[in-house]
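Structure, as structure tokens:
Numbering of ligands and ligand atoms starts at 1, following listing order.
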Amino acid sequence: MITAIRQDNPYVLLTPGPLSTTPTVKGAMMRDWCTWDDDYNNLVQEVRQKLVSLATPQTDDYTAVLMQGSGSFSVESVIGSVIPKTGKLLVLVNGAYGQRIAQMAEVLGIATTVVHFGEVSPATCEDLEATLEADTSITHVAFVHCETTTGILNPLAALSEVVKRHDKVLIVDAMSSFGGVQMDVTELGIDFLISSANKCIQGVPGFGFIVAKRTSLEVCAGQARSVSLDLYDQWATMEKQGGKWRFTSPTHVVRAFHQALIELEEEGGIAAREERYTLNQRILVEVMEGLGLQTLLTRDVQSPIITAFRYPDSSNFTFKELYNRLKEEGFVIYPGKISAADTFRIGNIGDVHPADMERLVEVIARNRFWV
Ligand SMILES: *Cc1c(COP(=O)(O)O)cnc(C)c1O
């Protein structure tokens with residue numbers, strides 16, 4: 001299926017969030033819902049159950065909380081709600097989203113240690129282990145799984161193992177990977193996993209969600225440093241009142257997300273989606289390399305979510321020119337986001353299929369204005 005240049009959409013978004021969604025996901029929003037009616041609350045409960053099922057087969061031990069706002073609001077609700085006053089957070093940083101977690105902790109006045117890994121290297125178990133051994137006052141560890149800044153994939157299983165061996169609470173920003181990369185929160189020992197509606201589940205933007213280990217969330221009452229971002233309170237209300245949100249919820253967006261979850265199942269679940277994204281990425285990189293364009297990252301740390309390319313070595317190249325030409329032919333790409341190198345980024349997620357990627361690389365091959 002080629003989704004480029006549809007009547008309702010002049011271009012395919014190759015930007016990982018917001019991303020291209022199916023006409024049926026968008027169509028699901030064409031109905032108004034009451035926030036406290038059973039019809040809507042039952043829908044919310046179904047969404048919460050489905051999220052837990054996607055995260056682990058051990059569904060009794062975990063629960064899901066939905067939170068208004070973009071993904072960062074959900075991250076901030078976790079950071080601000082789960083670390084007690086006496087706690088200390090360790091943040092592993094190798095991009096803008098890891099840095100944002102550190103910034104949130106700082107603004108919230110939480111005792112924090114930050115370990116930096118530069119912009120193009122994964123976080124390492126050695127540095128994590130050494131930091132935990134040197135400072136036993138650390139109680140919580142947070143890191144990003146897929147750092148969307150570059151598309152780097154941090155070694156989730158290995159890092160989680162170290163955190164769990166040291167008996168710390170584990171917070172993972174899996175915003176751009178959950179739903180597109182297989183993972184089991186029980187096996188990994190993740191206490192709080194964060195993602196949002198408009199990434200790999202392929203919904204539209206408007207809320208984020210947290211898959212939490214019940215026993216880890218239950219101890220967080222009264223700890224939040226914010227009223228509207230109080231994770232425990234949001235959860236307790238949803239739990240006790242059968243899917244009710246505390247404040248106005250993005251009803252249309254939740255309905256679209258429910259449809260997106262059904263479509264994820266129809267596609268064959270996360271395994272099938274990961275396969276499609278991986279194929280998208282492979283088609284993209286193979287042709288781009290053939291055209292002389294280099295990826296920023298080495299293959300072993302590259303995620304199937306988004307790929308960063310170095311600017312070609314030519315004074316004729318400008319990102320703006322490439323962007324405009326691709327947009328004209330039905331594709332919107334992303335600028336780079338790191339300081340160490342000039343890059344642009346192309347996302348593989350959303351309602352984007354191998355045929356779209358093949359058309360994209362054909363368009364790029366025809367538009368090499370810089371050579
Ligand atoms: C998208 C994303 C976020 C959240 O960004 P918002 O703009 O607030 O939705 C956080 N972390 C990562 C890794 C992301 O990709």
Side-chain angles (χ1 to χ4, degrees), residues 13-21 65-80 89 91-105 107-108 114 116-117 119-120 122-123 141-156 159 170-181 183 190 192-211 226 228-229 231 250 253-254 256-257 260 273-274 277 281 296-297 301-308 332-338 343 345-350 352:
L13 296 182
L14 300 175
T15 56
L19 35 64
S20 289
T21 57
V65 193
L66 313 184
M67 183 63 79
Q68 295 94 332
S70 83
S72 299
F73 291 63
S74 286
V75 176
E76 193 153 354
S77 82
V78 171
I79 299 302
L89 175 68
V91 191
L92 310 180
V93 176
N94 57 348
Y97 294 103
Q99 191 57 48
R100 191 176 294 173
I101 297 176
Q103 187 194 356
M104 286 168 178
V107 168
L108 292 168
V114 181
H116 292 274
F117 295 87
E119 291 176 309
V120 294
V141 178
F143 60 84
V144 176
H145 179 212
C146 173
E147 208 5 299
T148 322
T149 314
T150 55
I152 201 168
L153 208 51
N154 280 312
L156 181 58
L159 293 172
L170 175 55
I171 300 163
V172 177
D173 171 349
M175 200 73 63
S176 64
S177 56
F178 183 73
V181 176
M183 62 188 82
I190 296 174
F192 300 95
L193 175 138
I194 310 150
S195 187
S196 77
N198 60 287
K199 302 264 167 130
C200 294
I201 312 276
Q202 298 181 188
V204 302
F207 72 95
F209 57 87
I210 294 93
V211 176
S226 156
S228 50
L229 294 177
L231 181 70
V253 175
V254 171
F257 189 71
R273 186 154 291 182
E274 180 170 359
Y277 292 166
Q281 208 261 344
L296 173 71
L297 301 174
V301 295
Q302 171 69 54
S303 70
I305 306 299
I306 183 169
T307 312
V332 162
I333 64 169
Y334 240 20
K337 203 176 180 164
I338 64 166
T343 58
R345 293 176 294 166
I346 298 182
N348 310 303
I349 65 176
V352 175

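- Residue contacts with ligand 1: Ser70 is placed with a nitrogen or oxygen under 3.5 Å of a nitrogen or oxygen of the ligand (distance criterion only).
- Considering both main-chain and side-chain atoms, Gly71 comes within under 3.5 Å of ligand 1 through a nitrogen or oxygen pair.
- With ring centers used as reference points, Phe207 lies 6.0 Å or more from Phe73.
- A donor-acceptor contact closer than 3.5 angstrom is absent between the side chains of Thr307 and Arg345.
- Using a 4.0 Å cut-off between heavy atoms, Lys199 contacts ligand 1 through its side chain alone, with no backbone atom that close.
- Residue-level proximity to ligand 1 for Ser196 is absent, since no heavy atom of it falls below 4.0 angstrom.
- Short contacts between ligand 1 and Ser176, defined as distances under 4.0 Å to a heavy atom of the residue, involve ligand atoms 15 (O).
- Under a 3.5 Å cut-off, the side chain of Arg273 and the backbone N or O of Cys200 do form a donor-acceptor pair.
- Rounding to the nearest 0.5 Å places OG of Ser77 at 10.0 Å from CD of Gln68.
- When only interatomic distances are considered, the shortest N/O to N/O separation between Ser72 and ligand 1 falls below 3.5 Å.
- Close approach to Thr148 involves these atoms of ligand 1, each under 4.0 Å from a residue heavy atom: 12 (C), 13 (C), 14 (C), 15 (O).
- Ser177 pairs with exactly one of Glu274, His145, Glu147 by the side chain to side chain donor-acceptor pair (under 3.5 Å) rule, that one being His145.
- Less than 4.0 angstrom separates some heavy atom of Cys146 from each of these atoms of ligand 1: 13 (C).
- Phe209 and Phe257 have tilted rings, their planes meeting at an angle from 30° to 60° on a 0 to 90° scale.
- Listed by number with element, the atoms of ligand 1 under 4.0 Å from a non-hydrogen atom of Arg100 are 5 (O), 8 (O).
- Short contacts between ligand 1 and Val144, defined as distances under 4.0 Å to a heavy atom of the residue, involve ligand atoms 13 (C).
- Side-chain contact between His116 and Asn94 is absent, with no heavy atoms from C-beta onward closer than 4.5 Å.
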> Val75 and Tyr97: side chain to side chain contact (heavy atoms under 4.5 Å, CB included), yes or no, with the steps?
Replying inline: CA-CA 10 Å; Val75 176; Tyr97 294 103; over 6 Å; no
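- Protein heavy atom nearest atom 3 (C) of ligand 1, with residue, atom name and distance: Met175 CG, 3.3 Å.
- The shortest heavy-atom distance from Asp173 to ligand 1 is under 4.0 Å.
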